[in-house]
Amino acid sequence: MTIYESSAPVLMQVQSDAAGYALILLSCATGTPTLGATDAARASTVGVGVEVRISAGGPDITIDSVTVTPIRDAPSTIPSTVDSGTHVLAFPAPETETEFMWDLVVAATVGPVDHRLVVRLDPKMIVRKTHA
């Protein structure tokens, strides 16, 4: 797994690239990496949580759903809202200097109107607590 460090809030966008459609981590410290199923975005915080915003990168992309599945001891309930087509999730941070991890699955309908298809993008989201 490749782990990309991000900043809070974490910004992701469904975009098209040479390989098709992908989930791009816009808030990465260096560059804008494509997040695959074996990749992870990690955000560190001294606060109580990290906000993650996922949006469509173009008019031919519609985000159908964002599903979060906890891994190991991570909380199973993640507050989420949709604001003007942007999915906003509030991932909690652990109380101690450790990390929580979730599977983050984004389902999107993409492509021109006459050839639309559904894609599934599924990296990991990691929230790590650091000391103040």
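Start at 1 with the first residue, then count along the sequence.
- Between Asp83 and Arg53, some side-chain heavy-atom pair lies under the 4.5 Å cut-off.
- Side-chain heavy atoms closer than 4.5 Å link hydrophobic residues (I, L, V, M, F, W, Y) into clusters, and following such links, even through other members, never connects Ile78 to Val105.
- At a threshold of 4.5 Å between side-chain heavy atoms, the hydrophobic network of Ile, Leu, Val, Met, Phe, Trp and Tyr places Val127 and Leu104 in one connected group.
- Using a cutoff of 4.0 Å between basic side-chain nitrogens and carboxylate oxygens, Asp39 and Lys124 are not scored as salt-bridged.
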Criterion side chain to side chain donor-acceptor pair (under 3.5 Å) on Ser44 and Arg128, from CA distance to verdict:
CA-CA 5 Å; Ser44 299; Arg128 182 176 61 182; 2.7 Å; yes
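- Checked by atom type, the side-chain pair Arg116/Thr62 shows a donor-acceptor distance below 3.5 Å.
- Under the 4.0 Å criterion applied to side-chain N and carboxylate O atoms, Arg42 and Glu5 are assigned as salt-bridge partners.
- Panel note: side chain Trp102, backbone Thr67; no donor-acceptor pair is recorded below 3.5 Å.
- With respect to the salt-bridge test (charged N to carboxylate O, under 4.0 angstrom), the residues Arg72 and Glu99 do not qualify.
- Hydrophobic clustering (side-chain heavy atoms under 4.5 Å, transitive across Ile, Leu, Val, Met, Phe, Trp, Tyr) keeps Ile24 apart from Val66.
- By the 4.5 Å heavy-atom criterion applied to side chains, Leu117 and Thr109 are not counted as neighbours.
- Side-chain polar atoms of Ser6 and Ser27 form a donor-acceptor pair below 3.5 angstrom.
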